[in-house]
Each structure stands twice: as structure tokens, then as C-alpha cells.
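Here's the structure we're looking at; comments come further down.
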Amino acid sequence: MTNNENAALYFVDRHLKEGRGDKVAFREAAGQNRELTYAELAQRSSQMAGALARADVRPEERVACIVLDQVEYPEIFWGALKAGVVPVALNTLLATSVYEFILRDSRATCLFVSHELLDVVMPAALACGDLRQIVVIGGDAPDGTMSYGSFMQDADPAPVRDVGADECAFWLYSSGSTGQPKGVRHVHGALRATSDTYGAQVLGIREDDIVFSAAKIFFAYGLGNAMTFPMSVGATTILFNGRPTPDVVVDILAQEKPTVYCGVPTLYAATIAHLNKTGVPKAAIRMCISAGEALPEEIGNSWHALWGVDILDGVGSTEMLHIFLSNRPGDVVYGTSGTAVPGYDLRCVNEEGEDVAPGEIGELLVRGESAADGYWNKRDKSRNTFEGEWTRTGDKYEITPEGRYVYCGRTDDMFKVSGIWLSPFEVEQALSAHPGVLEAAVVPRRDKDDLEKPMAYVVLQDGADQSSVLAELKEFVKQRVGLWKYPRWIEVVQDLPKTATGKIQRFKLRETV
Ligand code: 3SK
């Protein structure tokens, strides 16, 4: 191969040749205060590639990353890419049973885990036969694991593996409508495809930018915001390893002075409420973006009133890697998702696959270079989603006469909570696992900020004590399926609407809500 298209050459090593070695690439916020320059990242990621080879992790094998936003994350991610090993970036908020499913499904042979997550992750890791190595970042490494320091120690840097742009680079996991997460395989070329389009042409990312993304690196949205977009131009990213509550976000905006802030609607709404009490500090933001779920108009207007800066609302997907439909700087219409990002084509089609007219609702299809290569081991689902050059989004949209796209809901029952897909099925399973619950149905309901959150209808087991079941259920769901998925409202009902074949008719409940 003559032209090595390994993405690490462009995003990491190029900065040395272009004289940005001493520039800070990543800085940890809120008391962590470690920094990583582009030169250090180039060196440490090459050393990581060598350490992976020394540990006998071979090219094309998967390494699972259950890692908080901290400086080791880019070292692992780019080190794996340099080695031709495939990092699988996993949500750090999942439950043990979901980790076990994903670790088995991905057949990862090595796991990197932040020590803060060990209690939840270790029982899953120990149950997975393919895992040969567990590397713990920070804290003490328990028996059967190795510390990050020892894993890296004295490893010789490895050369960057020669790969083509179409070779698999990394995986993300996307939740499925049946509750089973799907491994989404992305290629090396997809990273550049998102930074050359949305990053350069919508965000207009610049070398002097400092970026803070409240959305974590394990999300496709966070991966672009906090990793590839800033790294495409040699900018600096602020990393925060904790929960981005409104007070923390405001502190980071005031202390670290990011110029680009990337949030999600729920957090924008909570931050506005916080700022209305505390007042707006001096900050440096020039650009704010939002994705994950449609941004209510009111939130965009209130944010603009406080900061004098618009929020660019956009739409992306794990399958397309980042945003392909967005409002533009200087051309924001709140309540709409904007227009196609340069480099992407969109269609809105009816059930026959024909384009719908403006004003009619259809499913959104998207075409662009960053589309995933497919789902891992899910041929039917891959075929249904990736139709040749076009990717089905499962989102329903209407095009206004001015050519802007307006979100109209999901084609199936999935919905987003705080920007993360939620499968009602998965939450229903968790609710039904409680000894006091016979069956359950979950639908979205809008909260006071006009954002969707799960609402559950439950049928209790005969003889169950209603008040004690209700007192336990939210915590019970959090422990089983993940912290953000618990139902914010629970109503006890005598029975659930069902089809003749016993399928829950969630649309009937949605109408009631
Ligand atoms: O949910 C979105 O809008 C999104 C945006 C960018 C990347 C990934 C996703 C899921």
C-alpha cells in the first residue's frame, strides 16, 4: 500500500510536522488539571500501540473502552488506531448486565476501564471468556487486572499500521428497539469525513478554539466535538470526567473559557434555570451546538438572551457518526433542525420509498461519506438501515416550504432522553423484573421544559403493596439498565392496551399522555 490512510496520521502525527507539538491538545478541568500536548499525545499513542502489540492484542481485534473523559482516553483511542486495533467506545453509565452483553458481543480481548467504574464493570468482565487483559486507569488495580502505568511502562513505540480509508477503525454501540445494543462499525475515512464537513463547514472549528463538550467522548456526538473536530485543526479540548451538572458546566465555562460549547437540550434547559438564579459569568463562548434530541425553541431563545450566542441545533446519528442536518451560524430558526450539512444529501420518503412533498411527513434518509460500514453480526438490521448509499434514520421529518427540516417523531417507539436513545422495551423489561410488577409499558412524556422523559404504566402483581413497589421502582430500574433510563412518572393501571397477538400498543398510551 502506498498511501497510508490511518486516521491517526492526520489527527495526531500531522501536528508535529506542522509545528504544533507544544500546543495543548487536552486539558482536564475541575481539579484534575493534567494536560497532554500534541507531541505528548503522538508519543504516548505510539507507545500505546507498542503496548497493545506487546500484550498480544492483534490488529483488527477489539479493545473495549469504558473510560471517563480523561487524558488516557485519546492515548488509548489513537494508540489502538495506530496499531490497527479497534477501540470500542462504551457508555460509562450502563448496568453490569449490559456490559456483559456488549463485552461478549464484541469479543473484545482487552478492556480499559476507569477505576471509578470497576464495581459495575468487573462482574461483567470476569464473566467474559474472550477478555485476556483488563487495564485499570487510576486507583488500585485489583487482582487479575493491570494498572495503566504498568501496561504502558517501557513499551516501545510501534509504527503506524498501514491501512486504507475503508478499513474498520472503531466501533460504537447503539441501542436497538428490542433493547439489544448493536455494534456500529466505523472506518478510518469516516472521521475525516465528519471533520471536513460539519466540523469545518458548520462549526467552523479553528486552531485557536478551546472546546468543551458536555456530551462524553463515548457518544458519537462527543467523539466529534471533543476529539476529532478540535484535533483536525490543532485546537484544545477541555475534558471533564464527572457528571456535567449545570453548576459544573457554568464553572467550566467561566474558568476554562472554552470558545465552543457542545451540549444537549436537557442540560441547556437546566443550565438556563441555574443561570437565572446565579447570573451569567464572564466567559468566552463564540459557538454553542446541540444535538441528541430536538431543541425546543424556548430553550434556544432563552440561551441567546443570556449569552448573546445562538445554539446551533443539529441532527446526527451513531450510524452517520456526527451531525448531517443542522442550523448554521447566522441562520438559525429555532424549532427546526435546519438544512443538510455540506457533504450530505437528504430525502424524506413515504412507506413506498417515494419522496414526499413539502409539508408532508416522511422518514428521513441520509447519504454521506461518514456512514457506518454496518452493524456487527446483525445482517438483517444492517440491510434494513444501510440501503446502498442511503442510511435510514428512523426519524420522521417534514420539510417546510423554505426547505428547512422539522422533526416529527420516530418511526418506531424509540425516543431520546438527554440525547441518548432509550428503548421502551428495555425499561419495560427492567420494570417487569421487579417482583411486584406483572407487566409494564413505557412511553415518552414531555416535562416542564418540553423535553421527553420516560413514563411507565405498570400492572402490579396480585397482592403487591402498591406504595412500597412505587417507592422502589425508579432506583430498581437505574440499577438494572442505566442511570438515565428510569421512568420519571409511574402510573399503576389494571391492564395495558394490546394487539390480538399480545403486543403492547404503545401508541394508545402515547395518545393518553
Ligand atoms: O443524536 C444526535 O443528534 C447525534 C449527533 C451527532 C452524533 C451522534 C448523534 C446520535
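Residue numbers start at 1 and run along the sequence shown. Keep in mind it's a predicted model, so treat the numbers as computed, not measured. As the structure lists them, so they are numbered: ligands from 1, and atoms in each ligand from 1.
Remark: of the listed residues Met287, Arg286, Arg206, Arg286 is the sole one forming a side chain to side chain contact (heavy atoms under 4.5 Å, CB included) with Thr259.
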**OP:** Please step through ring-ring contact (aromatic ring centres under 6.0 Å, His included) for the pair Phe240 and Phe212, ending with a clear verdict.
**Re:** CA-CA 8 Å; Phe240 172 58; Phe212 173 55; 7.0 Å; no
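Centroid-to-centroid, the aromatic rings of Phe386 and Tyr375 come within less than 6.0 Å. In this structure, His304 has its ring center no closer than 6.0 Å to that of Tyr334.
Checked against ring-ring contact (aromatic ring centres under 6.0 Å, His included), His15 has the following partners two or more places apart in sequence or in another chain: Tyr38.
For a heavy-atom separation below 4.0 Å, the residues in contact with ligand 1 are Ala220, Tyr221, Ala291, Gly292, Val315, Gly316, Ser317, Thr318, Leu321, His322, Ile323, Lys416.
Cation-pi contact between Arg14 and Tyr10: present, with separation from the ring centre below 6.0 Å and deviation from the ring axis of at most 45°.
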